Engineer: 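First, the structure itself, so that you have it in front of you.
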Amino acid sequence: MQCRETLGLRFMQKLKPERCWFPRRPHPSCRFLWAQPEIQTQPQEIFSPQPLEADTCVSLIKQCSSRRSVKMVHASMLRSHLHLNLYFLTNLVSQYSSLGSISYAYSLFSSSHSSDPFIWNVMIRGFVDHAQYHRSILLYSQMLELGIRPNNYTFPFVIKACGFLRDFKFGIQVHDDVVEFGYDSDVFVCNSLIVMYGKCESYELSRQVFDRMPERTVTSWSTIIRACSLNGRCEEGLSLFWRMLREDIKPERATILNVMACAHRESDADDICRVAVLNGFDFDQCVHNAALGMYARCGRIDLARSIFDGISNKDLVTWASMIDAYAQADLPLEAIGLFKQMNSQRLLPDSITLLSVIQACSVLASFQHAHAVHGITILTGGFFNNQLAVESAVIDLYVKCGSLTYARKVFDRMQNRNIITWSTMISGYGMHGLGREAYNLFNQMKSSVKPDHIAFVSILSACSHAGLVAEGWECFNSMVRDFGVTPRTEHYACMVDLLGRAGKLDEARGFIERMPIRPDAGVWGTLLGACRIHSNIDLAEMVAKKLLDLDSKNPGRYILLSNIYASSGKTKEAHKIRTLMTNRGVRKISGHTIIEIKNKVYTFSAGDMSHPQTDLIYSELERVMDMIRLEGYTPDINFVLHDVEEETKERMLYVHSEKLAIVFGLLNSGSQSVIRIRKNLRICGDCHTATKLISKVTRREIVARDARRFHHFKDGTCSCGDYW
DNA sequence: TTAGGGTTAG
């Protein structure tokens, strides 16, 4: 151990020279470098073929560790008629339930016809433990209907079920019952209410319950801190944690884990780690895993990795945390690499790990990686829960990798689909410009699932991308009328987009002015985008005035307005906007294009000369540009804002990252294969024109994903119909 | 007979 600590010390010093004060004042995360494995003991099996004596009955039931053994005890109870005793029967129901035989537990419970709240509580808990939340709520309602009084034990189970279902309305009703039956001062009931309101995004109510509690336990503090982290009240969570310590309440493991989820600053993370160590959690693997995630969230992916490397017996959460940390830090290759390493150690991924790696793959938009991860989800499908979420994520992944065919295959093969599955597929069609398919699927969905606000965003955006104005209006009008879904700003933005793209700019403006809620930057930004498509400078100036105040830190707004000026030849105004952007300290996001060839990912920036094939790429680029020029290509120099000669402007367009990546694809992939590229920003207008012609002269299909949608280039045309 | 409860990292 001594030797390993020395190694760890060197590693930390190597990571960050300013941390050389270690070990006199070690970095708090250093205490988490090595976890101790926990030793588990196996319980003994108890079998009882003999008739039972009453005094041994309960202890035997409790010792059963398998369904088989509890059935044997049950058989003995039947022989001794002990099952007629409610106390023994309740024990039996509880044991069946905890061993996973919920249906057996329920049939025993039903046969008792008891009005004793005790056995009802056991059964309600059984349903909650087996994630059958609706059934537990139903049982609670039946209990009330039969006039059986719920007690202080009943409420925590029912409230927990409301929390899992995010059923705020029923949660409020149960809270009323809590008051009516006089349990609103019970610490367990209050703690449950804090969690439930936290999960239902009603932090104010969580806090109200917490503040009004006559007495609080450490769990009360842990739960309110958890409610803070769930509702983005991280500062409040931290300040409650420090208040709790000032009140001399000793934190538990859950307190530390919950407060770690609140930290977003390295200094806070360091302070929490010190408290964790002081309270004896320096060898707790759960705390190590949480600390790993905390430092990653604070932007210290290096410290997260050193904690990860220091954990000798990595569990699934350790791996998943690090994979997710890389995925969140926009380091998809590292995330995927770690996932492969985890698989090589024969550790089966669960749904959370798969969802993290799927997210990394969708950032990369790599079809090969997507296919490989999809294969793993099929192979391990029987071993993890939440299959539905993983399959929906796989659909989204294929959509983002440009393959609607595979996305639809996964969709069609699914045994169950929820609203997320349908919305993912509908928005997938929309992103690829297939509005009619999206619209048909939306209508198909309505017969099995009620659309929610996200499903409406998916269909409205699909309609706008495909120019389906009448269908868009029909969907929008049906929101409140048929489904009781109140439009939010994102729905209004979709409608503005729908009208704006169709050239109905005045109608779009009038629509915004009649909005019953305040239009946000998203709504105005959409109208500005429409102004660019239809070169309406007057309206653009009016919109931009609002937008540059409303969303002054968004570089995209400045770039869009300056492009509108530039495309109308107003170079001075274009430069003025760029200067305003610089003066306000807003930095332009630099563009890059990614292409994957033979399982390797290549990134190109504008004028990139870093690739070993640079000479070949540029000579091929010249050749391709000559070919498309013969097809009528003229460079659209409005997309270059630099004050340089016309010829230089042309050259600057030639070396845009999109063109470099496409040429690299032409050089290095099979002549029949589809070239798939991904741009981090919106595709440049000149590159869009050039790519259409490249697809024609080279007879290659090119699929480009940009920040907003997909473009399928084939035989000189694009699926977006030149509106994007 | 005294069986049943709240928090917990990704």
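The sequence lines fix the lettering, A, B, ..., with proteins before strands; numbering per chain opens at 1. Hydrogens, waters and symmetry mates are skipped; everything else that's a heavy atom, side chains included, is used. Just so you know, these numbers come straight off a predicted model, no measurement behind them.
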Engineer: Rounded off to whole Å, could you give me the CD1-to-P distance for the A/I311 and B/dG10 pair?
Structural biologist: 13 Å
Engineer: Using a 4.0 Å heavy-atom cut-off to protein, can you give one letter per nucleotide of nucleotides 2-7 of chain B, 5' to 3': B if the base is in contact, S if only the sugar-phosphate is, - if neither?
Structural biologist: SBBBBB
Engineer: Regarding A/L316, tell me which of base, sugar-phosphate or nothing describes its non-hydrogen contacts under 4.0 Å with the strands shown.
Structural biologist: base
Engineer: Send over the distance from A/Q328 CD to B/dA9 C1', rounded to a whole Å.
Structural biologist: 15 Å
Engineer: Any salt bridge linking A/R149 with A/E180? Criterion: basic side-chain nitrogen under 4.0 Å from a carboxylate oxygen.
Structural biologist: no
Engineer: Under 3.5 Å, is there a donor-acceptor pair between the A/T421 and A/E391 side chains?
Structural biologist: no
Engineer: Check the distance between B/dA9's P and A/D350's CG and give it to me in whole angstrom.
Structural biologist: 13 Å
Engineer: Once hydrogens and angles are ignored, does a donor-acceptor distance under 3.5 Å link the base of B/dG10 to the side chain of A/T353?
Structural biologist: yes
Engineer: Run the salt-bridge test on A/R243 and A/E236 with the 4.0 Å N-O cut-off and return the result as yes or no.
Structural biologist: no
Engineer: Cation-pi check, A/R216 to A/F210: give yes when NZ or CZ is under 6.0 Å from the six-membered ring centre and within 45° of the ring axis, no otherwise.
Structural biologist: yes
Engineer: Tell me the interatomic distance from A/D282, atom CG, to B/dA9, atom P, rounded to whole angstroms.
Structural biologist: 20 Å
Engineer: Will you find, in the side chains of A/D350 and A/T353, an N or O donor that is under 3.5 Å from an N or O acceptor?
Structural biologist: yes
Engineer: Between A/Y326 (OH) and B/dG10 (P), how many Å, whole number?
Structural biologist: 18 Å
Engineer: Would you mind reading off the distance between A/I61 atom CD1 and B/dT1 atom C1', rounded to a whole angstrom?
Structural biologist: 12 Å
Engineer: Between A/N151 and A/T154, does any side-chain donor sit less than 3.5 Å from a side-chain acceptor?
Structural biologist: yes
